[in-house]
Enquirer: 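Quick one: structure below, then a few questions.
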Amino acid sequence: MSHAPRPGDPAPALELPDLTGRPTSLAAARGRPVLVTFLRHAG
Amino acid sequence: MKVRDGWHRWDEIGAVALFVVFDDPDLVRRTLLRDIDVEALPFPVLVDRERATYRDWGLIRARWWGIWLDPNVYRVYWRLLRSGERLNVAGVDVLQLGGDFVVGSDGRVRYARPQHRDDRPAVGALLRTAREDPHRPAG
């Protein structure tokens, strides 16, 4: 289990498909601030 | 924080928002994104069925007593029910925790708040962090 990154740490990689199957990555947004929100269950 | 709320504010400051879910995409469409045209979403909702990315970002599963013995959970659920929300917990992992992070335009984490219970930061705090990014493109 990794530890959650702390302020100042390089962001871990994030590359996943979206709901339509298109691959999307955090790296593609480099140069802009990015909010990354991991949600709990959808129900 | 609901996915559907406030995303225009991120666009206004030149920021991007990425939302990550781990549930089955069909369930996400039926619940979290019901009444929303997924194709028209301004920000992507990413799917991590194996939760490998959750683990990479240090997000844990709660102990059951950390969730079900927390009075705040019942207050949140009661508020949701009163506002007409439907709760659909069958078949989903209610113990998996989420988290909120703001990554600066230099690729470094500027804000990190992994969940320990059913808590979320104020949207204003997240927006402020993104707005104060010294490398942020003028927008």
Side-chain angles (χ1 to χ4, degrees), chain A, chain B residues 1 3 10 13-23 25 27-29 31-33 38-39 44-48 53-60 87-94 96-105 107-112 114-115 118 126 129-131 133 136-137:
Chain A
M1 170 62 68
S2 301
H3 293 288
R6 296 178 176 177
D9 291 346
L14 194 166
E15 184 168 1
L16 292 166
D18 69 12
L19 284 171
T20 64
R22 282 187 296 258
T24 305
S25 72
L26 176 63
R30 188 74 178 259
R32 303 174 72 185
V34 184
L35 166 70
V36 182
T37 290
F38 291 86
L39 297 172
R40 293 191 59 208
H41 59 85
Chain B
M1 181 176 61
V3 172
W10 293 91
I13 64 169
V16 175
L18 301 176
F19 297 94
V20 186
V21 297
F22 63 85
D23 284 309
L27 177 66
V28 174
R29 288 171 191 264
T31 56
L32 202 63
L33 298 174
V38 171
E39 294 292 338
V45 176
L46 310 181
V47 183
D48 181 17
T53 305
Y54 276 73
R55 289 191 291 274
D56 289 346
W57 286 66
L59 302 174
I60 61 173
L87 301 180
N88 305 281
V89 295
V92 300
D93 183 355
V94 298
Q96 176 65 56
L97 297 174
D100 294 277
F101 301 86
V102 176
V103 178
S105 46
R108 290 188 175 273
V109 173
R110 292 183 51 79
Y111 179 100
Q115 280 186 316
D118 202 11
L126 299 168
T129 303
R131 199 181 296 117
D133 179 350
R136 178 173 67 91

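Naming convention: chains lettered A, B, ... in sequence-line order (proteins, then strands); numbering from 1 in each chain.
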Enquirer: What's the separation between atom CG in A:Leu16 and atom OG1 in A:Thr24, rounded to the nearest 0.5 Å?
Expert: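 Spacing of CG (A:Leu16) from OG1 (A:Thr24) equals 8.5 Å.
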
Enquirer: Sort out for me which of A:Leu19, A:Leu14, A:Leu26 touches chain B most, counting heavy-atom pairs under 4.5 Å.
Expert: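 Top option by heavy-atom pairs under 4.5 Å: A:Leu19.
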
Enquirer: Nearest 0.5 Å, please: how far is CZ in A:Phe38 from OG1 in B:Thr53?
Expert: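 Reported value, rounded in 0.5 Å steps: 6.5 Å.
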
Enquirer: Would you please name every residue forming a side chain to side chain donor-acceptor pair (under 3.5 Å) with B:Ser105, sequence neighbours left out?
Expert: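 Residues passing side chain to side chain donor-acceptor pair (under 3.5 Å) with B:Ser105: B:Asp133.
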
Enquirer: Would you mind checking which part of A:Ala29 comes under 4.5 Å of any heavy atom in chain B, side chain (CB onward), backbone (N, CA, C, O), both or neither?
Expert: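 Just its side chain gets close to chain B.
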
Enquirer: Does any backbone or side-chain atom of A:Ala13 lie under 4.5 Å from a heavy atom of chain B? Answer side chain, backbone, both or neither.
Expert: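 Interface part for A:Ala13: backbone (N, CA, C, O).
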
Enquirer: Suppose we call two aromatic rings close when their centres sit under 6.0 Å apart. Are B:Phe22 and B:Tyr54 close by that rule?
Expert: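 For B:Phe22 and B:Tyr54, the ring centres are under 6.0 Å apart.
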
Enquirer: Find the one option among B:Arg29, B:Gln96, B:Arg108 whose heavy-atom pairs under 4.5 Å with chain A are most numerous.
Expert: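 Highest number of heavy-atom pairs under 4.5 Å: B:Arg108.
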
Enquirer: Please look at B:Arg131 and chain A and tell me whether the side chain, the backbone, both or neither of the residue comes under 4.5 angstrom of a heavy atom of that chain.
Expert: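 Neither part.
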
Enquirer: Can you tell me which residue pairs pass the salt bridge (charged side-chain N to carboxylate O under 4.0 Å, His left out) test with a partner in residues 5-17 of chain A, sequence neighbours excluded?
Expert: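 Listed by first then second residue: nothing to list.
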
Enquirer: Using the side-chain contact (heavy atoms from CB on, under 4.5 Å) rule, pick out the option among B:Val20, B:Leu46, B:Val47 that qualifies with A:Asp18.
Expert: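 Single side-chain contact (heavy atoms from CB on, under 4.5 Å) partner of A:Asp18 among B:Val20, B:Leu46, B:Val47: B:Leu46.
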
Enquirer: Quick check on B:Pro114 against chain A: is it the side chain, the backbone, both or neither that has a heavy atom closer than 4.5 Å?
Expert: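 Only the side chain of B:Pro114 comes within 4.5 Å of chain A.
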
Enquirer: With chain B as the partner, which of A:Gly21, A:Pro12, A:Pro17, A:Pro7 has the greatest number of non-hydrogen pairs under 4.5 Å?
Expert: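 Winner by heavy-atom pair count: A:Pro12.
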
